[in-house]
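Beneath this line is the structure, given in structure tokens, with notes to follow.
Chain letters run A, B, ... following the sequence lines, proteins first and then strands; every chain starts at 1.
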Amino acid sequence: MSKYHFNEIEAKWQKYWAENGTFHAQNDSDKPKYYVLDMFPYPSGAGLHVGHPLGYIASDVYARFKRHQGYNVLHPMGYDSFGLPAEQYAIQTGQHPADTTRVNIEGGVDKKGNKIAGYRNQLDKIGFSFDWSREVRTSNPDYYKWTQWIFIQLFESWYDNASDKARSIEALISIFAEEGNEHVDASCDDDTPSFTAEEWNGYADAEQQKILLKYRLTYLAETEVNWCPELGTVLANDEITNGVSERGGHPVIRKKMMQWSMRITAYAQRLLDDLAKIDWPQPLKDSQTNWIGRSEGASVTFKVMPNVTSSAVEKGHTIEVFTTRPDTIFGASFMTLAPEHDLVAKITTPEQKAEVEAYVEATAKRSERDRMADVKTISGVFTGAYAEHPFTGNPVPIWIGDYVLAGYGTGAVMAVPCGDQRDYDFAKHFGIEIPNIFEGIDISEEAFADKENTIIANSDFINGLNYKDATRKVIDALEAKGQGKGKINYRLRDAVFSRQRYWGEPFPVYYKNGLPQMIDLEHLPLELPAVEKYLPTETGEAPLGRASVWAWDTNLNKVVSNDLVSPSGVEGSESDNGVYPLELNTMPGWAGSSCYMFRYMDPKNPEMLASEDALKYWGNVDLYIGGSEHATSHLLYSRFWVKFLYDRAVLPVDEPAKKLINQGMILGESAFVHRALPILLSPQKGIKELNFLPFQIFASEDLILNGTFREERNTKHAEAASLVWDWMLENGYEHAEGDAIEFNFQAIHADVSYVNTSNELDREGFMGWRPEFQNAKFINTDDGAFKVSREVEKMSKSKYNVVNPDEICFQYGADTLRMYEMFLGPLDQAKPWSTAGITGVHSFLKKLWKLYHGGAEGAFQVSDATPTKDNLKTLHKTIKKVEEDIENFSFNTSVSTFMIAVNELTQQNCNSREILEPLLVLISPYAPHIAEELWNKLGHTQSIATAAFPKYDASHLVESSKEYPISFNGKMRFKLELPLDMSKEDIEAAVMAHERTQQQLDGRTPKKVIVVPGKIVNIVG
RNA sequence: GCUGAAGUGGUGGAAUUGGUAGACACGUUGGACUUAAAAUCCAAUGGGCAUUAUGCCCGUGCGGGUUCAAGUCCCGCCUUCAGUACCA
């Protein structure tokens, strides 16, 4: 009797695959290549839950399928192992994040004594076909050496708009030396000065370095951050609520800090354009498009007027604004600056000073997020200053308002209240004039923003023109006056690249005379220094400020003690000994994840990110699977870096991934027990909450309705009340006339591991879960069961609804887990996990096993019998459907298809090798262990992974007749079997002649008969 | 507010270009096997009304529309989830 011992089978084949390197990809092969990649995980200490492997299973099915199709498949896995949780754990426990990270990956025991299974062990149990010989970890110095190297490449590059690509900084220096920067069209800082070749050549080295920094693709700049003085750290918007830190509730201020930035804006247009050539989900493309936020319009320069009421105002200021509606310029009746705008302090009149300052201060206290969420409140202050309208010369009052954001455009708008609702609301609120410049439009209620139907009026030289013509004329006129030009604006901002953290890549940067210098590649990696604590320093420096050995010796080319740093650090001075301080910040999380896909191609190469041959052979990722939450972070930054490395001829491709699929989240089914909170209702003593009882009372879910015991269950109410009374009377309470006990119910999370598939609670387990439950009393249903209620929520430790894949593998097997995850529903959709349903998939695998074990006593039996027509039909329709499903990533429907196939073949008593052998190959991407085992029993010595995918033969599915649905007025009434080659006329005749048709018509004559051959017949009338 | 996705039995979900709504599972009920349980197998299972069978009506979030025919297409709503940036 051969039973399906999945645990043994799975362990056996996992071992076999590992020992034989079954899934090692070759960098040279005659086969076509295919690269399947998962977004690599952050190895958290909590381990995997069943939601994590969903995408990995899908990609694994696809990778295995592609191998069967004859591709040389690269399917690697690694870890995005730098990150905040490890650092915070290090702060709490003092353990080095490298140690805890290793334990999280490889398993072990943490300092608190918790046993950690380890990501790798958990993943291995699921039977993935990863090529582990290519594993990368971003926190590994051998890996982050290349992250540092890419950073240096960015530093050594500038973006040439003329050739629309990044070029070496050396090339820029030669241009400067020969002709200055007059003809250079580059993406650079706004405040870059103009200079001639003579001037350039005359600059001191430091001056030249400063100018070059304005061109480099990564550069130092003052950036505003959320600074929390109490915590000594910078906080993300997420970490701030109502202006105070989420942790500890400390005040947060906006502070400028010198930080590294990435000039991603140089790539805005290409990032936008190239979306067209990648096969990514449309919603994801849309969010990148919106994030980049291209808008066409004009920049307009307004001159600030000498103030009529005060001579104290500075003169000669200009305000640059960006507008998408230059055609409405005659409707501009005021201007609004962001409160943070540099000019605010300079142009505000003395009379308005106090009010403006108070407003600016109030705004600074609000987080950016708060400010944006609040759409209703209109606020602002008049600065007292006026600007001159470029065409009419009229004075335009300058206001500040927090609806204008410093970070977008120029941080200033020309307000056209008749054409923009926000400007309109602002004008209405403050009683500012709202001139109407639209032909035949009523603006007494709201602004008119419909560009397409605009005809301009009251606007001098553009009267009667539409949006397009008026815009062109205004831009021409502005250019003629030197007060503006057509401009394309992007919402995308340069990306801040510095983090004040320990657990990230150190910058390969030291500072000589305050200017950043790169460490040469041959001396990389620059490894993280030891620190005694992982917190920022008391003086507010980043954690690396605690390192005592963190200076760069340019003579020895190594890290040396801080004590050796040149006292002055000025090059060439007597005290300059060639030792300089190193950068204290580290790189952000996305640094290590932007180009990791290329490192897998040649992961051990000490000379290069990956060899030219490997890069050329593998190209880019053919299929990338991951969550949509990375749409505007990882996936945008990665595209940016890949384009950059393409420009600099490091990579042969300019996109990381050709095709991308988002997997949806698997939600948890939380369990709730209902706690009955007793209340004493006493005519003498009033209402009293009995919250001092030494036990808690829980009632089965089905006894409760609308927060109280169901009416028909008043015996249950009595049962609960008597528990309370017994204790009360024992403890000296005297029952008085009219006393009654009522209950309020409170739902609390119970750990799902104490709940079975019928929603019944393991009461003993639950009582042992937490001390406060140890004396719990249960009000059960009549049959003695205690039920919990269920609710679908995000799967998370804090909701006690986490289901561990290891346990599923132990109980049902990895093949069952894999198939069930695929069976749950469409890959890209969010769906709840319910362990209850898993038995269906599990018994399918048992049936599959039985299909191959039809011999005496359940012995393995496959015959060489010629398959029947039905056998072949079942097989080939399965091949067709499964192949289509995998190509369409419709994995859930192919699992159904397998179930149907096995049910049919069992019914047909099929044991023919000609059918059962190809069937295994079809199933093996989903359930590789059982397929491998049965394949082996069939006498194969090679892994099933090497078998070719069966060929679909349409001839087995040819039908000669069709069971036509015969419908009347669109409603199907009966079916009729007719030959498929029957003509329309004959079909109609056959249907009309049928007695059921006559019965349906009941003597009426049909108005019309619709016959769709091969499909349907519909009789109307 | 905006953008995107989604609403189908008790549950997860099927339904290729409009053409038999509810495939495949879970659950439930009944039955077989068993001393019993588990496992396994068989049958029924959208709601309602009928019944000797044959049947009939209603049904894919709501309200309209197009069509011989609508879960699918169009218009207008509602709800849920996700993302988010008052974008000049």
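For A:Met899 and B:C24, the CE to P distance is 11 Å, given to the nearest whole Å. Nucleotide B:G19 holds its P atom 17 Å from the CD1 atom of A:Ile966, rounded to whole Å. Atoms CG (A:Asp286) and P (B:A5) sit 8 Å apart, rounded to a whole Å. Atom-to-atom, CZ of A:Arg325 to P of B:C87 comes out at 14 Å; the value is rounded to the nearest Å. Summarising the geometry, the separation between CE on A:Met665 and P on B:G83 is reported as 7 Å, rounded to the nearest angstrom. In this structure, A:Met822 atom CE and B:G13 atom C1' are separated by 15 Å, rounded to whole Å.
Note on A:Asn1018: a base of the nucleic acid sits closer than 4.0 angstrom, heavy atoms only. Residue A:Thr839 is in sugar-phosphate contact alone, with no base atom involved, counting any heavy-atom pair closer than 4.0 Å across all strands shown. Among the heavy atoms of the strands lying under 4.0 Å from A:Ser295 are primed sugar atoms or P, OP1, OP2 only; no base atom is included. Among the protein residues, A:Lys1007 comes within range of no part of the nucleic acid, since none of its heavy atoms lies under 4.0 Å from any strand. Using a 4.0 Å heavy-atom criterion, one finds that A:Ser834 contacts no nucleic acid atom at all. As judged by a 4.0 angstrom heavy-atom cut-off over every strand, A:Asn489 is placed among residues making no nucleic acid contact. No contact: A:Ser287 has no heavy atom under 4.0 Å from any strand.
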For nucleotides 57-61 of chain B, tabulate all protein N/O to nucleotide N/O atom pairs closer than 3.5 Å, reporting atom names and distance.
from  : atom 1 : to       : atom 2 : distance (Å)
B:C57 : OP2    : A:Arg973 : NH1    : 3.4
B:C57 : OP2    : A:Arg973 : NH2    : 2.9

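Using cut-offs of 30° and 60° on the angle between ring planes, the pair A:Trp399 and A:Phe426 is perpendicular. The aromatic rings of A:Phe889 and A:Phe891 lie perpendicular to each other, with more than 60° between the two planes, well past the 30° mark.
None of A:Val61, A:Ile661, A:Asn892 except one satisfies the side chain to side chain contact (heavy atoms under 4.5 Å, CB included) rule with A:Leu827; the exception is A:Ile661.
A gap of 15 Å separates the C1' atoms of B:G65 and B:U72, to the nearest Å. Taking atom C1' on both nucleotides, B:U67 is separated from B:U54 by 32 Å, rounded to a whole Å.
When the side-chain nitrogen and oxygen atoms of A:Lys831 are compared with OP1 and OP2 of B:G12, none of them lie within a distance under 4.0 Å. For the pair A:Gln829 and B:A82, the criterion of a side-chain N or O lying under 4.0 Å from OP1 or OP2 is not met.
Side-chain N/O atoms of A:Lys1015 and base N/O atoms of B:U17 include a donor-acceptor pair closer than 3.5 Å.
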